[in-house]
There are 2 protein chains.
Amino acid sequence: MLSSSRQPKGVGWTSPLKSEASWRCEAPMDQIDRTSRLPLYYQLYEILRANITRGEWQPGDMIPPESELIERYRVSRTTVRQVLDMLVNEGLIYRQRGRGTFVAHPTVEQALVRIVSFTEDMRQRGFEPASKVLSSGLIPAPQDIAEKLQIEPGEELARLERLRLADDEPMSIEESYLVHRYCLGVLQGDYASNPLRQALEREYGIRLVRAKQVIRAILATPRLARLLSIPPRSALLFIERVSFSQQNVPVEFLRIYYRADRYSLYNELQG
Amino acid sequence: MLSSSRQPKGVGWTSPLKSEASWRCEAPMDQIDRTSRLPLYYQLYEILRANITRGEWQPGDMIPPESELIERYRVSRTTVRQVLDMLVNEGLIYRQRGRGTFVAHPTVEQALVRIVSFTEDMRQRGFEPASKVLSSGLIPAPQDIAEKLQIEPGEELARLERLRLADDEPMSIEESYLVHRYCLGVLQGDYASNPLRQALEREYGIRLVRAKQVIRAILATPRLARLLSIPPRSALLFIERVSFSQQNVPVEFLRIYYRADRYSLYNELQG
DNA sequence: TAGTGGTCTAGACCACAAA
DNA sequence: TTGTGGTCTAGACCACTAA
């Protein structure tokens, strides 16, 4: 029954975005609409998921047993279990036979599976995050970045370079390159205190839903070393990431230089 | 219906290992045993999965339609779909409504999601892999490794250190630490040419089905630099991994030092 | 039109945890 | 003993693809 955890299927996902942020949130949609063309399981998925992400159900809380969900939403057990399976695969809940189903405690592990903001990432690691804008401006796209963003070289990019701090100590340097055409005027914002992702979503209706990244180890250049307060030629964890919008269009190219003495990545593999 | 893709559940996994290597392989088990205590879906999963990993079904091949699987294995559609969902979540197959279900083409991206042998990894990257054993022997478990393997410090470990080559050029150094109790005599094997994982599975019935790893950047020590043919204090991509058997018991602790000039990791994230 | 996968129902019996 | 999740069945109707 279960759909891939990656992406709900068979739910007209090929249709172009309907006016930014409609059919979601606002009226929190806590009931299933049987006239909707959305599958029941998907509606229920959104409802339960919202209960968790909105914090209504806290980590460790037991969520209503299947029997109650069946009654409350008038769907079959199969449908309820399909939804719970999706949430289990996402790592949002876990089940214990004979005991119940519980909201999972977020783990750091998600860092290598989900797109996580610097702020979120640091909080999960127990640091207090802060940022400082080092430079920003419009530039023509260099060859290599243009390729990764699937645009013409020379097209206008918004470039934002930030120093990221954790507990007031340098953690990383981030260079963002945004296809300016999609977010004209984006550099007006104050990205020392406000997440760039939030601005993209709120101001431009762009949600970064997918990303590809390459992870490398490099040596710190003198400039990076100085900015990060480490000796030159220290080891850095270096990530290059291309992020895609809900339309599956490359929007941002990101370079992150992490201090290797403070930052590592964690993930889980399957056989 | 679907279980987590991570690990089949509700299948007596808490029970201690049954005499190494029973209930698997040997007779390739292409029929469902209704007297078995293993769930039907799990048996069918093993059967279909084997068809793919043994190469009987090739990438791009259409696998039998659900209706045929129902008939052939005498199970309900729900059960068949549960199995297919597991395989979809693993990325081994994909479905196309109205067309059929097909064996997926393996992608390099899997490197950060699936456990991949050095051999496989290098072939995917277009290199010809080779290995050289640098040292091997039995040692008492040091504190830090014992913790990660959830055993007592001092328990006997089989240690194997190998130089890994790609196109005859050093690529990485691997230090394996195996809980010797589970694989007595494992060091007799020739692991310059034979995969350690294969020996574990064939000789000891141990399949490494899950792993947790941490990824770091470090500087090469003089010894590592010499072995890897790079200047001292070069950047290395450093991975520490704990691998778990099908009983969810930690079996192997692994340290890999990759030449950063030759090796990087790739993965995809979701929003 | 025939065959495929996508969604959904209303049951059943079981294993396990906790009281 | 009760309530939970785990497994399984035998249907149904739909949407999509390809002939």
Side-chain angles (χ1 to χ4, degrees), chain A residues 1-4 7-15 32-46 48 61-71 73-89 93-104, chain B residues 1-15 32-46 48 61-71 73-89 93-104:
Chain A
M1 278 308 152
L2 200 276
S3 312
S4 156
Q7 175 190 357
K9 292 162 319 190
V11 189
W13 283 133
T14 46
S15 66
I32 286 184
D33 172 10
R34 299 209 165 240
T35 67
S36 164
R37 51 170 197 71
L38 291 168
L40 300 185
Y41 83 84
Y42 186 69
Q43 295 184 52
L44 182 54
Y45 165 79
E46 288 284 7
L48 300 190
D61 284 2
M62 179 176 164
I63 75 173
E66 298 175 356
S67 53
E68 197 177 322
L69 294 173
I70 291 165
E71 234 184 63
Y73 296 103
R74 303 275 161 206
V75 292
S76 70
R77 183 159 177 221
T78 307
T79 302
V80 165
R81 285 183 60 79
Q82 174 174 7
V83 170
L84 296 181
D85 285 328
M86 291 170 71
L87 294 169
V88 166
N89 281 338
I93 62 173
Y94 58 94
R95 295 195 264 222
Q96 286 189 15
R97 191 203 299 233
R99 299 222 317 126
T101 302
F102 305 86
V103 178
Chain B
M1 277 308 151
L2 199 275
S3 314
S4 156
S5 60
R6 297 298 159 100
Q7 171 192 1
K9 292 162 318 190
V11 189
W13 283 133
T14 48
S15 66
I32 286 184
D33 172 10
R34 297 208 166 242
T35 69
S36 165
R37 50 169 198 70
L38 291 168
L40 302 185
Y41 82 83
Y42 187 70
Q43 295 184 53
L44 183 53
Y45 165 80
E46 288 284 6
L48 300 190
D61 284 2
M62 178 174 163
I63 73 172
E66 298 175 357
S67 54
E68 196 177 320
L69 294 173
I70 291 166
E71 233 183 64
Y73 295 103
R74 303 276 161 202
V75 293
S76 69
R77 182 156 180 225
T78 307
T79 301
V80 165
R81 285 184 59 79
Q82 174 175 8
V83 170
L84 297 181
D85 285 328
M86 291 170 70
L87 294 169
V88 166
N89 280 339
I93 61 172
Y94 59 93
R95 295 195 263 223
Q96 287 190 16
R97 189 203 298 234
R99 298 221 319 128
T101 302
F102 304 86
V103 178

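Just so we're clear, the structure is a prediction, and the values are computed from it rather than from any experiment. So you know, we letter chains A, B, ... as the sequences are listed, proteins then strands, and number each from 1.
Qualifying salt bridge (charged side-chain N to carboxylate O under 4.0 Å, His left out) partners for B:E68, counting only residues two or more places apart in sequence or in other chains: B:R72. By the side-chain hydrogen bond (donor to acceptor under 3.5 Å, both in side chains) test, A:D61 pairs with no residue at all, sequence neighbours left out.
In this structure, the CG atom of B:L40 is 10 Å from the P atom of D:dT7, given to the nearest Å. Protein atom CD of A:Q82 is 17 Å distant from nucleotide atom C1' of D:dG5, rounded to whole Å. B:R77 places its CZ atom 8 Å from the P atom of C:dG5, with the value rounded to the nearest Å. In this structure, B:E71 atom CD and C:dG3 atom P are separated by 13 Å, rounded to whole Å. What separates OH of A:Y42 from P of C:dG6 is a distance of 17 Å, to the nearest Å. With rounding to whole Å, A:I32 atom CD1 is found 9 Å from C:dC8 atom P. The distance between atom CG of B:L38 and atom C1' of D:dG6, rounded to the nearest whole Å, is 14 Å. Following rounding to the nearest Å, A:R81 (CZ) and D:dT7 (P) show an atom-to-atom distance of 7 Å.
Close to C:dA18, at under 4.0 Å from its OP1 or OP2, lies a side-chain N or O of A:R99. Side-chain N/O atoms of A:T79 include one lying less than 4.0 angstrom from OP1 or OP2 on C:dT9. For the pair A:T78 and C:dC8, the criterion of a side-chain N or O lying under 4.0 Å from OP1 or OP2 is not met. Phosphate contact (OP1/OP2 of D:dG6, side-chain N/O of A:R95, threshold under 4.0 Å): present.
Comparing C:dC16, C:dC8, C:dG5 by their nearest atom to the side chain of A:Y41 picks out C:dC8. Counting only heavy atoms from C-beta on, A:E66 has its side chain closest to D:dG5 among C:dC8, D:dG5, C:dT4. Comparing atom distances between the A:M62 side chain and each of D:dC8, D:dT4, C:dT9 picks out D:dT4 as nearest.
A 6.0 Å sphere centred on CD of A:E71 holds no more than 12 heavy atoms belonging to other residues, nucleotides or ligands.
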- After noting the C-alpha distance and the side-chain angles of B:I32 and B:R74, does the key distance pass the side-chain contact (heavy atoms from CB on, under 4.5 Å) rule? CA-CA 9 Å; B:I32 286 184; B:R74 303 276 161 202; over 6 Å; no
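Between B:G98 and A:R74, the residue anchored closer to the 5' end of DNA chain C is B:G98, taking for each the nucleotide with the nearest heavy atom.
Listed for the A:E66 side chain is no donor-acceptor partner under 3.5 Å among the backbone atoms of A:V80.
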